[in-house]
Q: 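Okay, here's the structure, questions in a sec.
Sequence lines set the chain letters: A, B, ... in the order given, protein chains first and strands last, and positions in each chain run from 1.
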Protein chains: 2
Amino acid sequence: MARTTIYDVASAAGVATSTVSRAFSRPGRVSAVTRERIMRVAAELDYRPNPHARALLSGKHQTVAMVVSDITNPHYFELIRGAEMRARVSEYTLLLVNAEESPRVEWEQIQRLSPAVDGFLLAASRLPDENLQQVAAQRPVVLISRELPGLASVVLDHGEGCRQIVAHLASLGHRDLVYLAGPRNSWMAATRWAALQSAAEQVGMGVRRIGPFTPKATQGGAAADGAVNDGATAVVAHNDLLAIGVMQRLSQRGIRVPEDVSVVGFDDIFAADVCTPGLTTLGGAHVDVGRAAVELLLTAGSRTADDQPRVVLPTALVLRRSTGNAPTTRPRRSRGSQRSAS
Amino acid sequence: MARTTIYDVASAAGVATSTVSRAFSRPGRVSAVTRERIMRVAAELDYRPNPHARALLSGKHQTVAMVVSDITNPHYFELIRGAEMRARVSEYTLLLVNAEESPRVEWEQIQRLSPAVDGFLLAASRLPDENLQQVAAQRPVVLISRELPGLASVVLDHGEGCRQIVAHLASLGHRDLVYLAGPRNSWMAATRWAALQSAAEQVGMGVRRIGPFTPKATQGGAAADGAVNDGATAVVAHNDLLAIGVMQRLSQRGIRVPEDVSVVGFDDIFAADVCTPGLTTLGGAHVDVGRAAVELLLTAGSRTADDQPRVVLPTALVLRRSTGNAPTTRPRRSRGSQRSAS
DNA sequence: CAACTGACGGCAAGGGGTTGCCAAGTTGTT
DNA sequence: AACAACTTGGCAACCCCTTGCCGTCAGTTG
């Protein structure tokens, strides 16, 4: 149970602890032969440096934490994979922590971990801007799927992506769309809404928004009913999970997708490919997002506060069966008396 | 950047560092009024104890690590949620680390984290038994979806579960089934195979196994072809991801599910519910598994090595459209000349 | 009012490494 | 042969907090 320490190695090898320490952390500083002996003894004793003790003085942990808003969202998979790949290359450990869609939990986790990691990857953070600044003041931070002046970030190009969605729907004859909004404190939700509005305006399409909704399949029911009530022919859901929930509900109500209503999601998760009908969704190279974010984080030391890069990666609209021609006999638009809470 | 330390607080409050320390870690040991003052000063200075330094001496980190074989498997969601809930109750931080299906990565991550956490939750570990013993010698360990004498574990009752699967298939008229095996070093794969065999024997059903397969949807193609080649009327895939991949491939080849072939998975992931046809799968209360595992880990200190509990939780067979009556004109069984690699 | 008992706070020694500084040992130079 | 310039390795302080032990002081008890 008691780990072997640097002292054990030092006495077993007949050298000072400082020499052992240097053998590990500064290979050039000790002669090859001594180093060799120390390493052998260390291996025999099964010695491994204690990262805590090391970090206590040096401040380096070789560890970064990735905080995700909700780890049960499959969207993060690729992100995580990309981040992990890049972290491994530099021999960093990637810690995953789940904020469970709660700003409070997110904040607490960050504070607890702050002294234990070299930096944070904040994916779809639900924290208010001020809190992000505070975190950034303590540790290097890279934002994912969120932007804030002064902080490094990696996002997918939603301006262009939403333009693609709108163009796609327009080409199918849709005259307006309904956006099923994501959580109130989600930067991404606001960004998507703004991008959809501006893209729609350019082609003369009408846009409305209902929500916010927690972006889970279980919330799809309420969202679907709201959209139907609104008389929508095309709905763009905040993410794939919500979109799938919407389709389930529509199917229950006997409303056909895409004949009566077209549905579009975001993220291109696995389930979007296997559900029926397949979900048209805005995807992107999430692996690259994760990779780029770690890259930025590891090189953060060499940049000043007013020199924080904003990386914007391209999106790709994945067409599946959930989008189709707008219905010719347009469903009557309801009297608009009972919109969903907004 | 420089964090405020216990010294800053001590001098600002006019007390010794030890008093500050006790105010935090041993509330009763210091008078209420002193404690109050210290807390106020600490709050003003935005002091937070450094968990590293604390752990260095006390050995307590208030942190447990959950190592999962592949975090991109949705099956872990509920497990993670359950574990997180339980950890939060005791104010423990749950660290997630991904082994990426690689025993080597898993081992390295564990070794790196070992001095930094109070214990490990090993979910579907791919490590050989000896390595598990070694880890357990260093830190408390709770196995999830795996058992090993001498170590605490939490698993779903696959004996009973497989009996349910077999009974279900038998009741639909199937006379034999093919098991599409999971990874070679997966204890769960071996357990499921054994359980299926014994359950099938009891009802006089034939069982065969092909594989192993990496349990991802992308591997479903090869698995499906192997099963078809085998003339199977019912296939039981190692997990839902693989099962879904199988169904996709079957559909490509014009083989109908469930009319020509019935498909069963394990885990009851979200996609199993939305794919077409819906996937019959063996689920269970994974949240409870995660919760129970953390429970065991936190109480590990009070148990001896030969008193390690094995918790077995019930499974539930979720029936969906992917299983149906065995075809009456039984597909000819191929000459068996070209089985999939085994 | 003396003796005793707790409660409370301080001193100082770690815990496992890292690192600035210094001394001894090597090798090279003239 | 004497001295300069490196190499190496050791000493000891330090990182931030915990904790055993001790002294002080106020409150009890007889």
Q: Is Arg88(A) salt-bridged to Glu84(A), going by a charged N under 4.0 Å from an acidic O?
A: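 No salt bridge links Arg88(A) with Glu84(A).
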Q: Considering residues at least two apart in sequence or located in another chain, which fulfil the ring pair (Phe, Tyr, Trp, His ring centres under 6.0 Å) criterion with His61(A)?
A: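 Once residues adjacent in sequence are excluded, the partners of His61(A) under the ring pair (Phe, Tyr, Trp, His ring centres under 6.0 Å) criterion are His52(B).
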Q: Base, backbone or nothing for each nucleotide of nucleotides 18-28 of chain D, written B, S, -, heavy atoms under 4.0 angstrom, 5' to 3'?
A: BBBB-------
Q: With sequence neighbours excluded, what pairs up with Glu78(B) under the salt bridge (Lys or Arg N to Asp or Glu O under 4.0 Å) test?
A: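 For Glu78(B), the residues satisfying salt bridge (Lys or Arg N to Asp or Glu O under 4.0 Å) (neighbours in sequence not counted) are Arg81(B).
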Q: State, to the nearest 10°, the angle formed by the axis through the first five base pairs of the helix from dC1(C)-dG30(D) to dT30(C)-dA1(D) and the axis through its last five.
A: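 For the helix from dC1(C)-dG30(D) to dT30(C)-dA1(D), the axes at either end differ by 40°.
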Q: Can you pull out every ring-ring contact (aromatic ring centres under 6.0 Å, His included) where at least one residue sits in residues 12-50 of chain B? Sequence neighbours excluded, please.
A: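 Counting only pairs at least two positions apart or across chains, the ring-ring contact (aromatic ring centres under 6.0 Å, His included) contacts touching residues 12-50 of chain B are Phe24(B)-Tyr47(B).
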Q: Within this structure, what is the NZ-to-P distance between Lys60(A) and dT19(C), rounded to whole angstrom?
A: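 Going from Lys60(A) (NZ) to dT19(C) (P), I get 11 Å.
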Q: Look for any protein N or O under 3.5 Å of an N or O in nucleotides 5-7 of chain D and output each such pair with its distance, or none.
A:
none

Q: Using atom CD1 of Ile38(A) as one end and atom C1' of dT18(C) as the other, report the distance to the nearest whole Å.
A: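 Those two atoms, CD1 and C1', are 14 Å apart.
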Q: Counting any heavy atom closer than 4.0 Å, what does Arg48(A) reach on the DNA or RNA strands: base, sugar-phosphate only, or nothing?
A: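 Touches sugar-phosphate only.
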Q: Pair Arg112(B), Thr63(A) - check side-chain hydrogen bond (donor to acceptor under 3.5 Å, both in side chains), show working.
A: CA-CA 10 Å; Arg112(B) 259 188 65 61; Thr63(A) 300; 3.1 Å; yes
Q: Pick the nucleotide of DNA chain C nearest each of Gly14(B) and Leu56(A); which residue has the one closer to the 5' end?
A: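 The residue closer to the strand's 5' end, by nearest nucleotide, is Gly14(B).
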Q: Within this structure, what is the CZ-to-P distance between Arg37(A) and dT8(D), rounded to whole angstrom?
A: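 Arg37(A) atom CZ is separated from dT8(D) atom P by 14 Å.
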Q: Rounded to the Å, how far apart are His52(B) NE2 and dC15(D) C1'?
A: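 Taking atom C1' of dC15(D) as the reference, NE2 of His52(B) is at 11 Å.
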Q: Salt bridge check, Arg126(A) against Glu106(A): does any charged N sit closer than 4.0 Å to a carboxylate O?
A: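 A salt bridge is absent here (no side-chain N lies under 4.0 Å from a carboxylate O).
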Q: With Ile144(A) as reference, evaluate Leu296(A), Leu122(A), Leu79(A) under the side chain to side chain contact (heavy atoms under 4.5 Å, CB included) test and give the passing residue.
A: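 With Ile144(A) as partner, side chain to side chain contact (heavy atoms under 4.5 Å, CB included) holds for just one option, Leu79(A).
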Q: Roughly how far, to the nearest 0.5 Å, is the CD atom of Gln138(B) from the CZ atom of Phe120(B)?
A: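 The CD atom of Gln138(B) is 7.5 Å from CZ of Phe120(B), to the nearest 0.5 Å.
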Q: Do the side chains of Thr191(A) and Glu147(A) get nearer than 4.5 Å, heavy atoms only?
A: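 No; the side chains remain at least 4.5 Å from each other.
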Q: Given Glu295(A) and Val154(A), is the side chain to side chain contact (heavy atoms under 4.5 Å, CB included) satisfied, shown in steps?
A: CA-CA 10 Å; Glu295(A) 180 73 41; Val154(A) 183; over 6 Å; no
Q: Expressed as a whole number of angstroms, how long is the span from Asn50(B):CG to dG15(C):C1'?
A: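 One finds 13 Å between C1' of dG15(C) and CG of Asn50(B), rounded.
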Q: Is there a donor-acceptor pair closer than 3.5 Å between any side-chain N or O of Asp267(B) and the backbone N or O of Asn239(B)?
A: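 Answer holds: no.
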